[in-house]
Amino acid sequence: MKVSPSSTTATRGVVPPGSMVAVVGATGGVGQLAVAALLRKGYQVRAVWRKEGRAYDSVGNEKVTSVGVDTREEDGAEEALRDADAVVCCTGTTAFPTKRWWAGGSPKDVDQVGVNNLVQAAKKQGMKRFLLVSSAGVDRKDSFPFAVMNLCGVLDYKKAGEEVLKQSGIPYTVLRPSRLTDGPYTSYDLNTLLQGVSGTRNQLKVSPEDVLRGECGRVALSEAIAQILSLSCTVDQTFHLESVEGPGASNEAEWERLFCDAVSPAA
């Protein structure tokens with residue numbers, strides 16, 4: 001259920017706790033953790049999963065509704081965002097061909113067509129904020145190791161999705177995490193093969209430029225998602241994230257300082 005205008009701040013793009021947030025890709029590794037982090041922050045959640053895939057189990061949680069859709073279809077994207085104030089898009093697929101591609105889950109299907117349909121639906125529905133989880137290397141696709149990662153065009157399609165969002169007029173935030181680590185291990189990638197963990201690297205390093213080369217823990221990334229929606233300094237910004245040694249932000253003031261200090265000088 002949407003929060004009424006009278007109960008929200010007038011600041012552009014700020015989505016206060018209590019609002020409804022659609023999490024698209026809610027059964028993925030980042031999506032599952034993002035739903036949990038948003039609930040802890042006090043948001044209501046619409047968990048969106050691909051209707052041909054694994055359903056999201058929202059039984060017993062009155063603050064979560066769930067729906068299976070196909071975001072490659074315009075009406076599916078519109079249904080995904082129904083009654084939401086904001087959207088967190090953390091869909092993704094493999095960089096190289098797997099069975100997901102043959103089932104309509106190629107980078108073009110997910111990162112370009114799906115994101116484009118979600119952006120158009122969000123624009124039509126007057127969404128207050130669109131947070132897109134993209135990837136490090138989008139601006140470095142000609143350098144190693146990203147040139148290898150982009151052999152089948154995954155970074156090109158992610159860039160295309162980002163550009164559609166940035167030109168839409170919707171208040172946005174783009175997050176470009178470094179190579180993801182930690183569970184849930186839902187992807188066909190090196191992290192799943194090695195069961196990678198961030199360990200004591202709980203602090204996030206945040207940069208406005210695509211220069212980071214390490215890893216980014218899914219737990220830290222999901223917590224950042226939940227904190228960012230209520231921070232006005234993160235509106236219309238792109239942030240690059242890497243997990244480094246340290247305890248991590250422990251309160252709202254520390255999260256605000258972490259991201260506001262990393263705002264691009266050109267903003």
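Side-chain atoms are counted along with the backbone in the values below, which use heavy atoms only and exclude waters and symmetry mates. It should be emphasised that the depicted structure is a prediction, and the values quoted were computed from it without experimental measurement.
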Visitor: Identify every side-chain donor-acceptor pair in residues 141-151 under 3.5 Å, counting partners at least two apart or on other chains, and give the distances.
Guide:
unit_1, atom_1, unit_2, atom_2, d
Lys141, NZ, Asp156, OD1, 2.6
Ser143, OG, Arg140, O, 2.9
Asn150, OD1, Val154, N, 3.3
Asn150, OD1, Leu155, N, 2.8
Asn150, OD1, Asp156, N, 3.2
Asn150, ND2, Asp156, OD2, 3.3

Visitor: Under 4.5 Å between side-chain heavy atoms, counting indirect links through other Ile/Leu/Val/Met/Phe/Trp/Tyr residues: same cluster for Ile228 and Val23 or not?
Guide: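 Same cluster.
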Visitor: Under a 4.5 Å side-chain heavy-atom rule over Ile, Leu, Val, Met, Phe, Trp and Tyr, are Val206 and Leu175 clustered together?
Guide: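 Yes, one cluster joins them.
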Visitor: Taking all heavy atoms of Ala86 and all of Met127, pick out the closest pair and write down the distance.
Guide: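 What the structure gives for the nearest pair is N-SD, 3.3 Å.
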Visitor: How far apart are the C-alpha atoms of Val45 and Thr65, what are their side-chain angles, what is the distance that settles it, and do they pass the side-chain contact (heavy atoms from CB on, under 4.5 Å) test?
Guide: CA-CA 6 Å; Val45 174; Thr65 59; over 6 Å; no
Visitor: Can you confirm whether Val14 sits close enough to Leu231 that some side-chain heavy atom of one is under 4.5 Å from a side-chain heavy atom of the other?
Guide: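 In short, these two side chains do not touch, never coming nearer than 4.5 Å.
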Visitor: Salt-bridge test for Glu78 and Arg82: reply yes if a basic N is under 4.0 Å from a carboxylate O, no otherwise.
Guide: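 No, no charged N to carboxylate O under 4.0 Å.
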Visitor: In this structure, are over 12 heavy atoms from other groups packed under 6.0 Å from Gln203 atom CD?
Guide: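 Yes, enclosed.
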Visitor: Examine Phe239 and Leu258 and state if one hydrophobic cluster contains both, with Ile, Leu, Val, Met, Phe, Trp and Tyr joined whenever side-chain heavy atoms are less than 4.5 Å apart.
Guide: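 Yes, same cluster.
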Visitor: Considering residues at least two apart in sequence or located in another chain, which fulfil the salt bridge (Lys or Arg N to Asp or Glu O under 4.0 Å) criterion with Arg46?
Guide: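 Salt bridge (Lys or Arg N to Asp or Glu O under 4.0 Å) list for Arg46, sorted by chain: Glu79.
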Visitor: Where the side chain of Asp210 meets the backbone of Gly137, is there a donor-acceptor pair that is under 3.5 Å apart?
Guide: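 Yes.
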Visitor: Could you state the interatomic distance from CG (Asn116) to CG (Asp111), rounded to the nearest 0.5 Å?
Guide: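 That separation rounds to 12.0 Å.
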Visitor: Would you name the heavy atoms of Gly25 and Cys90 that are closest together and state the gap between them?
Guide: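 Looks like O-SG, 4.1 Å.
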Visitor: Please report the closest heavy-atom contact between Val235 and Pro171, naming both atoms and the distance.
Guide: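 Nearest pair, atom of Val235 first, then Pro171: CG1-CB, 3.9 Å.
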Visitor: To the nearest 0.5 Å, what is the distance between NZ (Lys63) and CG (Leu39)?
Guide: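 The CG atom of Leu39 is 7.5 Å from NZ of Lys63, to the nearest 0.5 Å.
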Visitor: Any chance you could measure Leu165, atom CG, to Lys123, atom NZ, to the nearest 0.5 Å?
Guide: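 Those atoms lie 11.0 Å apart.
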Visitor: Scan residues 251-261 for pairs that pass salt bridge (Lys or Arg N to Asp or Glu O under 4.0 Å), counting only residues two or more places apart or in two chains.
Guide: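 Passing the test, one end in residues 251-261: Lys41-Glu252.
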Visitor: Could you walk me through whether Phe130 and Thr173 pass the side-chain contact (heavy atoms from CB on, under 4.5 Å) check?
Guide: CA-CA 6 Å; Phe130 195 123; Thr173 304; over 6 Å; no
Visitor: If the test is side chain to side chain contact (heavy atoms under 4.5 Å, CB included), which one of Asp236, Leu132, Val87 qualifies with Tyr172?
Guide: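 Going through Asp236, Leu132, Val87 one by one, the side chain to side chain contact (heavy atoms under 4.5 Å, CB included) with Tyr172 is satisfied by Asp236 alone.
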Visitor: Side chains of Glu215 and Ser243: closer than 4.5 Å at any heavy-atom pair?
Guide: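 Result no, sub-4.5 Å side-chain heavy-atom pair not found.
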Visitor: Should we count NZ of Lys159 as having more than 12 external heavy atoms under 6.0 Å?
Guide: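 Yes.
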Visitor: Does any part of the side chain of Val30, heavy atoms only, come nearer than 4.5 Å to the side chain of Ile225, both counted from C-beta?
Guide: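 Yes, their side chains come closer than 4.5 Å.
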Visitor: Can you tell me how far apart SG (Cys216) and CG (Leu204) are? Round to the nearest 0.5 Å.
Guide: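 So the gap between those two atoms works out to 5.5 Å.
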Visitor: With the side chain counted from C-beta on, respond yes when Val133 and Pro177 share a heavy-atom pair under 4.5 Å apart, and no when they do not.
Guide: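 In contact.
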Visitor: Does the side chain of Leu81 reach to within under 4.5 Å of the side chain of Lys124, using non-hydrogen atoms?
Guide: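 No - every pair of side-chain heavy atoms lies 4.5 Å or more apart.
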Visitor: Answer whether the closest heavy-atom distance between the side chains of Ser230 and Tyr43 falls below 4.5 Å.
Guide: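 Answer yes - side chains close enough.
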Visitor: Measure across Val244 and Lys205 and return the closest heavy-atom pair with its distance rounded to 0.1 Å.
Guide: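 For Val244 and Lys205, the tightest heavy-atom pair comes out as CG1-CB, 4.1 Å.
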Visitor: Could you give the distance from CG (Leu38) to CG (Leu229), rounded to the nearest 0.5 Å?
Guide: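 Answer rounded to 0.5 Å: 6.0 Å.
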Visitor: Kindly indicate whether the side chain of Val24, heavy atoms from C-beta on, has any atom under 4.5 Å from the side chain of Leu118.
Guide: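 Sidechains of Leu118 and Val24: in contact.
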Visitor: For Cys152 and Trp101, what are the C-alpha separation, side-chain angles and deciding distance, and is it a side-chain contact (heavy atoms from CB on, under 4.5 Å)?
Guide: CA-CA 11 Å; Cys152 295; Trp101 286 35; 3.6 Å; yes
Visitor: Might you point out which heavy atoms bring Thr71 and Asn117 nearest each other, and give the distance in Å?
Guide: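 Nearest heavy atoms, Thr71 then Asn117: O-ND2, 2.9 Å.
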Visitor: Let me see the working for Val115 and Tyr157 under side-chain contact (heavy atoms from CB on, under 4.5 Å), right down to the final yes or no.
Guide: CA-CA 10 Å; Val115 170; Tyr157 292 121; over 6 Å; no
Visitor: Identify the two heavy atoms, one from Val119 and one from Ser168, that lie closest to each other, and give their separation to 0.1 Å.
Guide: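 That would be CG1-CB, 3.6 Å.
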Visitor: Would a single hydrophobic cluster contain both Val88 and Val110, if residues Ile, Leu, Val, Met, Phe, Trp and Tyr are joined by side-chain heavy-atom contacts under 4.5 Å?
Guide: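 They do not share one cluster, since no chain of ILVMFWY contacts under 4.5 Å joins Val110 to Val88.
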Visitor: Rounded to the nearest 0.5 Å, what's the gap from OG on Ser19 to CZ on Arg129? Could you check?
Guide: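 Rounded to the nearest 0.5 Å, the OG-CZ separation comes to 11.5 Å.
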Visitor: Would you call Glu223 and Arg40 a salt bridge, using N to O less than 4.0 angstrom?
Guide: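 The answer is yes: the pair qualifies as a salt bridge.
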Visitor: With heavy-atom distances below 4.5 Å as the criterion, would you say the side chains of Leu241 and Leu212 are in contact?
Guide: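 Result no, sub-4.5 Å side-chain heavy-atom pair not found.
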Visitor: Using the side chain to side chain donor-acceptor pair (under 3.5 Å) rule, pick out the option among Glu162, Lys166, Arg176 that qualifies with Thr238.
Guide: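 Considering Glu162, Lys166, Arg176, a side chain to side chain donor-acceptor pair (under 3.5 Å) with Thr238 is found only for Lys166.
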Visitor: Are Val15 and Leu221 linked, directly or through intermediate hydrophobic residues, by side-chain heavy-atom contacts shorter than 4.5 Å (ILVMFWY only)?
Guide: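 They do share one cluster, since a chain of ILVMFWY contacts under 4.5 Å joins Leu221 to Val15.
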